[in-house]
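Sharing a structure below in structure tokens format, with a few things to ask.
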There are 2 protein chains.
Amino acid sequence: MSNNNNVKKTGTIRVQSQQKILAAARTEFVLQGYKGATVQSIADRAELPKANILYYFKNKENIYHAVLENTLEMWDEGIGDIDPSEGPRAAIEKFIDAKVRMSFKYPEASKIYAMEIIQGAQHLKEFARTYQRKWVREKAKLFQRWIDNGEMANVDPVHLIFLIWSATQHYADFETQILTIMNRADYEEDDVEQVIAFLSDLILRGCGLK
Amino acid sequence: MSNNNNVKKTGTIRVQSQQKILAAARTEFVLQGYKGATVQSIADRAELPKANILYYFKNKENIYHAVLENTLEMWDEGIGDIDPSEGPRAAIEKFIDAKVRMSFKYPEASKIYAMEIIQGAQHLKEFARTYQRKWVREKAKLFQRWIDNGEMANVDPVHLIFLIWSATQHYADFETQILTIMNRADYEEDDVEQVIAFLSDLILRGCGLK
DNA sequence: GTCTATATTGTGATAGAC
DNA sequence: GTCTATCACAATATAGAC
């Protein structure tokens with residue numbers, strides 16, 4: 001009876017703390033890798049005692065799982081879907097647009113994902129096997145139909161998807177290299193639009209759509 | 001005097017052991033990350049006692065440095081140079097060809113490199129700042145001249161280089177994902193040629209060269 | 001729900017016998 | 001040059017006081 005009235009308040013602290021922990025963990029996992037990121041370093045970045053981290057997430061692997069899940073949800077939402085009726089040009093344009101904006105907005109999510117794949121995708125083989133494979137096959141079929149109808153050049157649809165993935169994610173994953181080469185400290189407002197314009201232009205022309 | 005005659009033999013063992021260690025280390029660093037790869041795991045993979053690893057390389061960081069250097073040398077050699085006199089079409093074709101073959105032949109080198117960049121490139125900022133920046137600016141100038149001469153479409157040369165890098169390295173770095181999506185266990189002979197054909201075709205057309 | 005203290009394990013690195 | 005034994009330390013995770 002004495003603490004019935006602060007259930008909600010407690011819940012808010014819980015959610016806030018978990019969010020802070022996940023954000024801190026994402027950064028640490030990117031900078032130090034899974035093994036290199038210590039629970040202590042995550043705690044320091046989240047400005048919470050180490051024991052609290054383990055109170056909320058039980059162990060380090062659970063934190064990593066939570067971070068990965070979070071990342072995949074983003075991947076899923078951010079891409080949106082392709083509307084078959086709009087034709088190849090609009091479809092590719094929208095797809096590139098969405099992926100580039102995601103890369104610039106959530107570079108850490110892209111990096112976590114990339115590292116996971118590079119290291120063998122131990123934690124998300126199932127995701128690629130089921131969800132992604134299906135997604136790629138569906139979209140590839142759609143592109144193939146457009147090719148068969150003479151609406152775009154005869155390019156391999158699956159490799160086209162890989163090309164768009166790699167070219168767009170590159171701006172998140174290789175941020176450091178790109179900025180160093182361009183002699184800049186950070187990306188600027190214009191960069192997103194410029195990259196979208198460049199990639200849309202080149203890829204659409206490459207697909208015989210310009 | 002008693003062991004004068006086996007100096008050469010000893011030297012060979014040294015070189016052989018170092019090569020075995022570097023190969024094992026490269027694999028471990030890719031699979032487990034810098035911190036996750038232990039000296040013991042490298043020793044096990046190289047089939048040598050742990051103490052021998054540290055005898056040859058002093059400490060773990062030195063092993064990693066040696067692996068990185070090795071990787072950069074490959075990057076350097078593999079790409080070759082662009083001959084300004086051969087024109088944009090041959091230049092881009094050769095560049096794509098070289099990069100794709102490298103990716104399929106030395107996927108681990110590409111992966112090590114990618115992880116290093118993603119994590120902030122602490123060990124090779126100098127490399128990007130000096131060598132790579134110069135390389136990109138030189139090549140970009142060359143492309144710009146071709147554009148100004150009307151020999152190719154007006155695409156941003158620096159972003160074109162990024163696109164070719166990302167699209168080609170993708171087949172090494174995201175190997176796991178690509179194979180899973182294509183429902184295959186390994187790459188096959190034909191794959192290299194197919195990827196080269198796809199990328200050359202799309203990018204050349206994208207540059208107005210087809 | 002928060003935090004301190006600590007048990008336990010594993011790692012990098014060295015000393016020293018062969 | 002090779003390898004065994006060991007040290008010093010850092011990490012995860014838990015127990016239990018508040």
Side-chain angles (χ1 to χ4, degrees), chain A residues 1-22 24-68 119 122-123, chain B residues 1-22 24-68 119 122-123:
Chain A
M1 230 194 249
S2 63
N3 55 6
N4 246 1
N5 58 334
N6 61 6
V7 168
K8 199 182 167 185
K9 193 177 170 188
T10 311
T12 340
I13 288 181
R14 182 174 205 92
V15 172
Q16 280 179 346
S17 292
Q18 284 178 335
Q19 290 304 321
K20 271 211 304 201
I21 293 166
L22 284 178
R26 191 164 26 243
T27 305
E28 283 299 314
F29 283 134
V30 167
L31 291 175
Q32 314 289 342
Y34 176 76
K35 197 81 189 205
T38 68
V39 177
Q40 185 64 61
S41 71
I42 295 171
D44 290 347
R45 193 175 286 273
E47 293 178 299
L48 287 168
K50 182 174 79 158
N52 292 30
I53 311 293
L54 291 163
Y55 166 73
Y56 281 119
F57 284 94
K58 179 90 177 152
N59 59 39
K60 186 171 152 180
E61 223 200 318
N62 278 352
I63 306 175
Y64 185 67
H65 272 129
V67 167
L68 255 191
Q119 301 202 348
Q122 293 306 327
H123 298 88
Chain B
M1 235 195 245
S2 64
N3 55 7
N4 247 1
N5 58 335
N6 61 5
V7 168
K8 200 182 168 183
K9 195 177 168 187
T10 310
T12 340
I13 289 181
R14 183 176 204 91
V15 171
Q16 280 179 348
S17 292
Q18 285 179 334
Q19 291 303 320
K20 272 210 306 201
I21 293 167
L22 285 177
R26 190 164 27 243
T27 305
E28 283 300 314
F29 284 133
V30 168
L31 290 175
Q32 313 290 342
Y34 177 74
K35 197 82 187 200
T38 68
V39 177
Q40 185 65 60
S41 71
I42 295 170
D44 290 348
R45 192 174 286 273
E47 293 178 299
L48 286 167
K50 183 173 80 158
N52 291 30
I53 311 293
L54 291 164
Y55 166 72
Y56 280 120
F57 284 95
K58 179 90 177 151
N59 59 39
K60 186 171 151 180
E61 223 200 318
N62 279 352
I63 306 176
Y64 185 67
H65 272 129
V67 167
L68 256 192
Q119 300 203 348
Q122 293 304 328
H123 298 87

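Lettering follows sequence order; numbering is per chain, from 1. Remember, predicted model here, so these are calculated numbers, not experimental data.
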task: Please report, rounded to the nearest Å, how far the P atom of dA17(C) is from the OH atom of Tyr55(B).
output: 18 Å
task: Round to the nearest Å and state the distance from Asn62(B) atom CG to dG12(C) atom C1'.
output: 13 Å
query: Which ones in residues 45-54 of chain B lie close to DNA chain D, meaning a heavy atom under 4.0 Å from one of its atoms?
result: Pro49(B), Ala51(B), Asn52(B)
- request: Determine, stepwise, if the pair Asn62(A) / Asn59(A) fulfils side chain to side chain contact (heavy atoms under 4.5 Å, CB included).
  value: CA-CA 6 Å; Asn62(A) 278 352; Asn59(A) 59 39; 3.5 Å; yes
query: Do Tyr56(B) and Ile63(B) have side-chain heavy atoms sitting under 4.5 Å apart?
result: no
- prompt: Does dT2(C) have OP1 or OP2 sitting under 4.0 Å from an N or O in the side chain of Tyr56(A)?
  reply: yes
- prompt: With a cut-off of under 6.0 Å to the ring centre and 45° to the axis, is Lys60(A) in cation-pi contact with Tyr34(A)?
  reply: yes
statement: Between CZ of Phe57(A) and C1' of dT14(D) the distance, given in whole Å, is 19 Å
- line: Those residues at least two apart in sequence (or on a different chain) that pass ring pair (Phe, Tyr, Trp, His ring centres under 6.0 Å) with His65(B) are His123(B)
- prompt: Contacts to DNA chain C from residues 24-43 of chain B, heavy-atom cutoff under 4.0 Å, which residues?
  reply: Ala37(B), Thr38(B), Val39(B)
- prompt: Which residues pass the ring pair (Phe, Tyr, Trp, His ring centres under 6.0 Å) test with Phe57(B), sequence neighbours left out?
  reply: none
For residues 43-55 of chain B, dump all side-chain donor-acceptor pairs below 3.5 Å to protein atoms at least two apart in sequence or in another chain.
unit_1	atom_1	unit_2	atom_2	d
Asp44(B)	OD1	Gln40(B)	NE2	3.0
Arg45(B)	NE	Glu28(B)	OE2	2.7
Arg45(B)	NH2	Glu28(B)	OE2	3.0

field: Closest approach of Val67(B) to Leu22(B) (non-hydrogen atoms, all atoms of both residues)
entry: CG2-CD2, 3.9 Å
query: How long is the line joining CD1 of Ile21(B) and C1' of dT2(D), in whole Å?
result: 12 Å
task: For Asn59(A) and dA11(D), give me the distance from atom CG to atom C1', rounded to whole Å.
output: 14 Å
query: What residues form a side-chain hydrogen bond (donor to acceptor under 3.5 Å, both in side chains) with Tyr64(A), not counting sequence neighbours?
result: Glu116(A)
